[in-house]
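Take a look at the structure below.
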Amino acid sequence: MSNRFIPHTEEDISAMLEKIGVKSVDELFADIPSEVIFKEEYDIPSAMSEIELRNHFKELASKNDTLVVFGGNGVYDHYAPSVIPHLLERSEFYTAYTPYQPEISQGTLQYIFEYQSMICELTGMETTNASMYDGATAAAETIFMMVASAKKKNRVLLSATLPEHVLKVAKTYARFHGVDVTEIPEKDGVTDLEAMKGALGSGDVAGVILPAPNRYGVIEDFTGVADDIHSVKALMGMYVDPSTLAVLRSPAEWGADIACGDGQTLGMPMQFGGPYLGFLSCRQSLIRKMPGRVVGATTDASGKRCYVLTLQAREQHIRREKATSNICSNQSLMALYATIYISLMGEKGLREVNVLSADGAHYLYNRLIETGRFRPVFNRPFLKEFVVETDLDIKKVNAYLLEKGVMGGVDLGNSRVMFAVTEKRTKEEIDNLVTLMLEA
Amino acid sequence: MKYYDKLIFELSRPGRKGYELPADNYGCDALKEIPADLLRKDAPELPEVSELDVVRHYTNLSSKNFGVDTGFYPLGSCTMKYNPKINEEVAAMPEFAGLHPLQPAESAQGALELYYNLQKALANIAGLAEFTLNPYAGAHGELTGLMVMRQYHISRGDEKRRKVIVPDSAHGTNPASAMVAGLEVIEVKSKPNGSIDVEDLKPLLDDTVAGIMMTNPNTLGMFETEIMEIAKLVHEAGGLLYYDGANLNPMLGKVRPGDMGFDIMHINLHKTFSTPHGGGGPGSGPVGVAAHLVDLLPNPRVKKGEDGKFYVENGDKSLGSISSFLGNFGVMMKAYAYILSLGKENLKNVGPMATLNANYIKESLKDDYLLPIEGACKHEFVFDGLKDKSTGVTTLNVAKRLLDYGFHAPTIYFPLLFHESMMIEPTETESKETLDEFIEVMHKVAKEARENPDMVKNAPHTTLISHPDETTAAKKPILTYRQMKG
């Protein structure tokens with residue numbers, strides 16, 4: 001029976017069976033009807049040693065191309081400081097469960113407290129939970145929060161300029177949960193605010209979710225929007241890129257009540273789609289409707305400062321079908337990731353990442369326009385991501401770039417292409433991208 | 001060692017930093033082109049610390065934590081098995097970590113092959129037709145599975161089927177997931193031994209029933225022996241059977257959920273397939289379905305073409321998307337490495353050895369702890385507290401006393417069927433020596449409860465902190481450093 005992960009020797013098994021008072025391990029399964037017992041072999045490969053396993057993964061890895069990435073669309077190739085994976089590999093962190101026993105979980109509890117503090121600093125919100133799965137599901141939970149807070153109103157407005165994957169997931173959740181969703185149309189690359197005002201008049205709107213930056217990288221102007229939304233007693237939610245909040249006007253400064261988004265931009269590996277980090281933060285008054293775990297500070301019997309899971313009466317394991325959410329496990333280790341990243345960068349570092357990314361993006365934008373083959377589309381402010389129109393065959397160009405080890409811009413159809421530049425890209429890589437596109 | 005209780009914010013000194021970036025040689029100033037109204041006015045107050053500050057701080061914090069690598073973690077229903085180290089290493093390989101989720105499939109064939117192979121392996125292990133790996137966690141898998149269940153009825157024009165039957169012993173996520181999926185929960189009472197009473201079930205099975213959610217073995221670790229009868233009844237009534245994979249571990253090598261008649265299930269890769277729990281995620285909750293439900297699975301899907309190439313597809317009969325991209329891919333890599341490490345020769349021993357370990361502890365301790373249900377358990381079992389109730393020592397007291405002895409506590413006060421529930425799950429990765437040490441300590445605690453009950457009631461005594469004031473924490477919540485400073 002023995003294997004490197006299963007330590008039982010024949011002698012162990014005999015001694016244990018004797019203590020239990022049965023003759024064989026099979027006897028422990030005697031209550032199971034024989035018709036359901038699985039009698040075949042699993043159709044999976046034979047056991048691999050570590051050497052074979054490593055070789056197998058190397059072979060799989062050789063079938064992937066690691067590219068110089070100019071695509072974004074919600075996932076960006078930001079730099080992951082070397083410190084982070086080293087600290088995340090502290091197995092006291094990653095082999096622990098949810099901190100249900102605070103006496104032996106102060107490490108996890110304290111970093112969640114620090115994480116909550118940082119997310120609130122970035123969004124300007126007063127409170128936040130310990131994390132969500134990803135940005136899209138955090139937006140979906142924001143919809144539930146809005147409806148739960150509004151009691152009888154059951155409609156949420158989503159800007160059509162939210163990232164596509166966020167809209168898709170939010171709509172799936174809303175459809176099953178029975179929440180009415182109306183999309184606010186887009187106009188010239190931004191939310192049609194006149195259309196929003198019209199929709200607010202329907203009387204059944206519980207909340208509105210708006211993006212910053214939006215799905216095209218555009219930084220929209222929401223001046224006066226909070227007043228419009230609050231005038232019909234609806235909540236204003238914002239879907240934001242947390243890494244940009246060192247420079248962009250914060251959700252609190254816009255007057256928002258809830259801020260959510262994806263923390264992948266806080267230096268997390270792109271990892272083919274996950275794990276990332278959803279976050280959800282809100283005004284203090286909404287805390288009872290906020291889903292997920294929350295950590296609070298307190299003191300122990302001897303007066304030492306410490307941390308515990310708190311406000312658990314909101315959660316599924318207490319409220320069961322009366323809970324506002326079913327979330328249980330979240331993305332705790334990724335919250336630690338974000339916490340360490342923000343600690344290393346600080347406000348100045350986050351600002352510099354934005355400046356370097358945005359300067360690179362504007363440099364690329366200018367270079368593209370100069371070629372005469374690309375034209376501006378929206379003429380609106382942007383940071384690290386932008387859309388241009390081109391007379392080049394985008395599919396052909398991107399196929400050629402791929403051959404050269406470059407992931408080109410995201411093809412939006414209608415001759416539009418969207419590029420993203422992070423602090424990892426160099427001027428040489430950008431110049432090379434332009435050259436390659438023209439020779440494709 | 002000194003009690004370290006600094007917050008990273010308290011290490012901050014203006015002007016200090018923990019990063020360097022390349023020089024900005026673009027010759028432009030992008031921020032200047034953004035109207036001032038769109039820029040931030042009040043800067044966030046974040047730490048200013050050096051790299052060493054950060055390293056030492058989080059290393060110090062890690063030493064205040066207890067993980068599977070620290071010691072035995074018999075937390076019932078959580079399957080705290082060993083997390084193999086090689087899995088961490090392969091998941092971090094840059095050829096995978098550096099993949100953008102939207103890069104062309106042709107440039108990510110290795111990742112897609114892994115994803116596809118894991119789908120296939122799970123389908124075979126579960127006895128179901130197909131899996132999606134998109135859900136991020138167990139509860140997310142439940143939600144996705146219940147969406148499949150509802151979408152199935154909607155697609156047949158049978159929208160009145162909105163009720164889902166859930167045993168009263170079920171994990172709290174079951175009814176909560178049903179609520180989120182827009183289903184109505186009908187609770188079915190358990191028999192004293194924790195299993196579903198078929199006679200109680202029958203009158204509930206009308207034409208408004210969408211299906212039933214079950215775990216097997218149930219939350220008491222007992223196998224639902226009437227499962228085939230239950231499956232027949234639910235199917236005859238037009239409902240579907242959902243299997244909560246939280247308790248899948250003892251079934252490895254013994255029973256496949258699909259063969260028991262289940263139509264939909266989720267698997268917690270962070271339980272059965274050894275991926276780390278991460279202090280509460282990231283997990284992964286793949287969902288498998290029987291053949292007639294495959295088209296309803298969430299988008300996107302990973303498929304294999306006739307040319308042997310892998311591709312990503314969005315099906316038009318799908319219930320929609322439940323994740324930004326393809327789920328927690330980094331977690332899947334670890335589960336895949338685990339399955340290959342064990343292989344078909346060893347994976348089948350997981351269930352039997354996990355079951356042997358649980359029964360060994362149960363039989364060794366039932367003289368001191370109250371065993372409400374006799375008979376062979378599977379991967380876990382429940383004690384209803386100490387046998388001798390005269391001492392006043394509760395399950396909570398025993399749990400806290402275990403911390404003094406260097407063990408993690410079992411799951412306590414769940415399931416809700418007993419007042420003093422203490423749910424113990426050792427997993428197959430623990431050796432007999434570890435189990436013997438645990439058994440010895442549990443006996444010792446029982447003895448202490450008889451001889452010095454107050455000492456046990458005041459436990460823990462040796463942990464870094466003890467008796468945190470949870471009441472004040474909830475009454476006057478301090479959730480951020482800003483609130484702490486006042």
Side-chain angles (χ1 to χ4, degrees), chain A residues 3 7 12 16 28 42-43 46-47 57 60-61 63-66 87 90-92 94-96 98 103-104 106-108 117 121 133 136 165 168 172 176 269 271-275 296-298 300-301 306 310 316-317 320-321 323 326 328-333 344 347 349 358-359 362-363 381, chain B residues 18-19 26 30 34 44 46 48 58 61-62 64-69 90 95 97-99 101 107 109-110 124 136-137 139 172 175-177 179 182 185 276-283 320-321 324-326 328-330 343-344 346 352 360 376 431-432 463 465 467-469 473 478 480-481:
Chain A
N3 152 277
D12 292 336
M16 291 163 84
L28 298 172
Y42 284 133
D43 184 16
S46 280
F57 269 83
L60 285 172
K63 298 177 190 170
N64 294 331
D65 300 323
T66 15
L87 289 173
R90 294 287 305 184
S91 70
E92 299 88 339
Y94 82 80
T95 72
T98 301
E103 296 87 348
I104 54 171
Q106 284 300 303
T108 301
S117 306
E121 285 300 320
Y133 306 134
H165 58 269
K168 275 188 183 169
T172 305
F176 280 98
Q271 199 84 43
F272 208 45
T298 188
D300 84 340
C306 59
T310 192
Q316 49 77 23
H317 63 280
R320 300 174 77 87
E321 73 271 17
N326 69 330
C328 179
S329 274
N330 41 64
Q331 302 278 113
S332 190
L333 201 68
L344 288 167
E347 190 267 337
D359 286 350
H362 285 72
Y363 174 76
Chain B
Y19 71 95
Y26 292 112
I34 299 172
L46 300 174
E48 293 180 69
Y58 290 102
L61 287 197
S62 74
K64 297 166 79 173
N65 246 17
F66 186 100
V68 173
D69 286 5
V90 294
E95 296 90 340
L99 291 181
S107 65
Q109 285 293 304
N124 179 255
Y136 291 116
S177 299
M179 176 280 302
V185 176
H277 283 72
S321 293
S324 292
F325 303 102
L326 286 166
N328 281 338
F329 183 74
K344 61 181 166 200
N346 299 300
Y360 180 64
S431 67
K432 180 172 176 290
T463 47
I465 62 152
H467 304 284
D469 182 354
I478 300 170
T480 63
Y481 179 57

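In what follows, every chain begins at residue 1, and chains take the letters A, B, ... in the order their sequences are listed. Note that the structure is a prediction, hence the values are computed from the model and not measured.
The minimum heavy-atom distance between B/Tyr19 and A/Leu344, with the atom names listed, is CD2-O, 3.5 Å. Here the closest non-hydrogen pair linking B/Gly281 and A/Ser329 is N-OG, 4.5 Å. The two residues A/Asn64 and B/Gln109 make their nearest non-hydrogen contact at OD1-N, 3.6 Å. Residues A/Thr66 and B/Glu95 approach most closely at CG2-CA, 4.0 Å, considering heavy atoms. The nearest pair of heavy atoms linking A/Thr95 to B/Asp69 is OG1-N, 3.3 Å. In terms of heavy-atom proximity, B/Leu326 sits nearest to A/Phe272 at CD1-CE2, 3.7 Å.
Taking chain B as the reference chain and counting heavy-atom pairs below 4.5 Å, the highest number among A/Gln106, A/Arg90, A/Glu347, A/Glu103 is found for A/Glu103. Interface summary for chain A: among B/Ala176, B/Pro101, B/Gly343, the most heavy-atom pairs under 4.5 angstrom belong to B/Pro101. For the set A/Ser91, A/Pro275, A/Gly296, the count of heavy-atom pairs under 4.5 angstrom toward chain B peaks at A/Pro275. With chain B as the partner, the residue from A/Cys328, A/Ala301, A/Ala136 showing the most heavy-atom pairs under 4.5 Å is A/Ala301. Annotation: maximal heavy-atom pairing with chain B below 4.5 Å, among A/Tyr94, A/Tyr133, A/Phe176, occurs at A/Phe176. Put simply, of B/Pro44, B/Ser431, B/Ala137, B/Gly182, the one with the most heavy-atom pairs under 4.5 Å next to chain A is B/Pro44.
B/Asn124 places a side-chain N or O within donor-acceptor distance of the main-chain N or O of A/Asp43, the cut-off being under 3.5 Å. Although no hydrogens or angles enter the test, the distance criterion places a donor-acceptor pair under 3.5 Å between the side chain of A/Asp359 and the main chain of B/Ala30. Side-chain N or O atoms of A/Thr298 include none that pairs as donor or acceptor with a backbone N or O of B/Pro468 at under 3.5 Å.
Once rounded to the nearest 0.5 Å, the distance linking OG of B/Ser107 with CG of A/Asp65 reads 5.5 Å. Put simply, CD on A/Glu92 and CG on B/Leu61 are 11.0 Å apart, with the number rounded to the nearest 0.5 Å. Once rounded to the nearest 0.5 Å, the distance linking CG of A/Asn3 with CG of B/Asn346 reads 4.0 Å.
For A/His362 and B/Tyr26, the ring centers sit 6.0 Å or farther from each other.
Between A/His165 and B/Phe325, the ring planes lie tilted relative to each other; the angle falls in the 30° to 60° range.
Taking the side chain as every heavy atom from C-beta outward, A/Lys168 and B/Ser324 never approach each other to under 4.5 Å. Between B/Thr480 and A/Glu121 the shortest side-chain heavy-atom distance does not fall below 4.5 Å.
At a 4.5 Å heavy-atom cutoff, the contact between B/Glu48 and chain A is made by side-chain atoms alone. Using a 4.5 Å cut-off between heavy atoms, A/Thr310 touches chain B through its side chain atoms alone. Contact of A/Leu28 with chain B is made through backbone and side chain together, with heavy-atom distances under 4.5 Å.
Between the side chains of A/Thr108 and B/Asn65, at least one donor-acceptor pair of N or O atoms lies under 3.5 Å.
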